[in-house]
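Some notes on the structure that comes next.
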Amino acid sequence: MGSWSGTVVLLVTISAAVLSTPLINQLQPGQEWPQLVKQPSHESVEVISEKSTGEVEGELVIVKPQVDKTEPEDEGNEDEVTPEIDFKTKSLIEGKEDTQKVDYTGAQLWKVSTQKDGWRIVLSRLRRRNLISTWGTNGTTIDILVQPHAIQNVTNALKRENIPFDVIIEDLQTRINQENPPLDENEIELQDRRGHRMNWKQYHRLEDIHGFLDYLAKTYPAIISVKSIGKSHEGRDIKLLRISNGNPTNKAVFIDGGIHAREWISPATVTYFINQFAENFDVEHDDIKNIDWYFIPVLNPDGYEHTHVRDRLWRKNRRPGSGLRGCAGVDLNRNFGYRWGGKGTSNYPCSEIYRGPRAFSEPESKAVQEFFQNTAAKFSAYLTYHSYGQYILYPWGYDNAVPPDHNDLNDVGNNMAQAIKSVGNDNYMVGSSSNLLYPAAGGSDDWAKSLGIKYAYTIELNDQGTYGFILPTQYIEPVAKESLASLRVLAAAVHKI
Ligand code: 0X9
Ligand code: ZN
């Protein structure tokens, strides 16, 4: 029975994939997907094997399903294990995590000064004791999520050391509840007439986003096509949309979103770009029209869905956990194969920055690798959208070093930031990610740069820690609009290479 139903599911899944993925020879002129040529490489991809130290076996850990950005002061690997205690719901204890939504009632977001080195050490200690977890950071402050039972302890610890802090969010669950209100009836009616459910007044489920991509491919077959480049752990499609006027001399730009599940503004922004180019292609600037655009709005579809149905603050993919601990998930932005396993990564499966057992161990990152191995498109830029902090970051991320053409990356980054400023008045900082943020190896940006793709950036979208990951829906349009202005600057730069 089990295997028969498994076969049925498999057949249905395969036929659904076949139906939704146009075959190459069914595509209109201009739609062919370039195949089978490797990207030029100015530096060979180096894969460092996993260190054998640090793995801890056979210890019962209660899964805390969120947080822990690499702290800037963490210099080396996060190989030392810090068991993480769940402060939210007993249902998340091993093996029972499928039953209910994670509740963040009473959890608070604080902005804490890190101006003195000693203060960072105090915070690291609190984090190790699982009293806090760290979110975003800038040069002078760090945002920390304080677990409800720890509020008194953490207050005492900070006051004792005279560390200044502000409470930014009093109750995280209230914010989560308010974040994505349902649409009114007019909008629902409009959606039916439009032929897809996508808009930029709401954060959408994966089904809406993928439905939107399919709708565009059907509506604009001369310039748009969609295909699945692979399946996630849980069998969801990783959909890639291509927009091209078919000009054979075009350069190509690759854009991904949603590597980190909880960073909802990222898929929202990437789909905004897609909508703008698709719906206005004829009147678009030549810089836009003469580029082959490749978009993956949700590179981590399982994680994204998990944040909608179970844990709003989930970051990683949904690789199933194994063993006693059973911690799920790999940080996809530590799983790409350039300097894999280096600084700012962990080999502990329960860590938020777990790098996975080996480079490209995950179907989601593997799908991207294979796509690049098999395409003849000439990529000049690779943009990966994240949140939050308002940064335009370029390689290297793995360590404090920059590529030889860092001045070009810096100049174009600054021009992009200026465009954002002039459209939406938001300030974005520009620099190499190891310098500006923290060293973290295995990111998609470093890997793209290692393939010889000139303009590789990680864009950390809004905000700067007022709402953090829980950015209210009224910010979607302004953030995406100003970001589109920066994408136009990037497109112009690509034509000048
Ligand atoms: O830590 C990350 O993966 C990114 N920040 S986030 O808050 N969205 O998680 C920054 C990645 C920068 N790039 C590299 N370190 N390669
Ligand atoms: Zn991210």
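Numbering of ligands and ligand atoms starts at 1, following listing order. One-based numbering along the sequence shown.
Close contacts between ligand 1 and Asn333 involve ligand atoms 2 (C), 3 (O), 11 (C) [criterion: under 4.0 Å to a heavy atom]. Residue-ligand proximity, His386 to ligand 1, at heavy-atom distances under 4.0 Å covers atoms 8 (N). Atoms of ligand 1 lying under 4.0 Å from any heavy atom of Arg334, numbered from 1 in the order shown and given with element: 1 (O), 2 (C), 3 (O).
Taking the six-membered ring for Trp and the full ring otherwise, the centers of Phe212 and Trp200 sit less than 6.0 Å from each other. Ring centroid separation for the pair Trp447 and Phe372 comes in under the 6.0 Å cut-off.
Here the shortest heavy-atom pairing between Ala328 and Lys316 reads O-NZ, 3.2 Å. Heavy atoms only, all atoms of each residue included: Tyr294 and Ala252 are closest at CE1-CB, 4.0 Å.
Counting just the N/O/S atoms of His386, the one with the shortest distance to the Zn ion (ligand 2) is named ND1. The atom of His260 that is an N, O or S and sits closest to the Zn ion (ligand 2) is ND1.
For ligand 1, the polar-atom distance check finds an N/O of Tyr438 within less than 3.5 Å of one of the ligand's N/O atoms. Considering both main-chain and side-chain atoms, Tyr398 never comes within under 3.5 Å of ligand 1 through any nitrogen or oxygen pair. For ligand 1, one of its N or O atoms has an N or O atom of Arg315 under 3.5 Å away.
For atom 16 (N) of ligand 1, the candidate residues are Asp399, Ile353, Thr137, Asp445; the nearest heavy-atom contact is made by Asp445.
Without hydrogens or angle criteria, Asp171 side chain to Thr105 main chain gives no donor-acceptor distance under 3.5 Å.
Taking 4.0 Å as the cut-off between side-chain N and carboxylate O, Glu482 and Lys421 do not count as a salt-bridged pair.
Contacts between Ala440 and ligand 1 below 4.0 angstrom, taking non-hydrogen atoms only, involve backbone and side chain alike. If you look at Ser387 next to ligand 1, the close heavy atoms, those under 4.0 Å, all belong to the backbone.
The only option from Arg310, Arg312, Arg205 that meets the salt bridge (Lys or Arg N to Asp or Glu O under 4.0 Å) definition with Glu305 turns out to be Arg205. Checking each of Tyr385, Phe469, Tyr203 against Ile265 for a side-chain contact (heavy atoms from CB on, under 4.5 Å) leaves exactly one that passes, namely Tyr203.
Because the distance cut-off is set at 2.8 Å, Glu460 fails to qualify as a neighbour of the Zn ion (ligand 2), as none of its N, O or S atoms comes that close.
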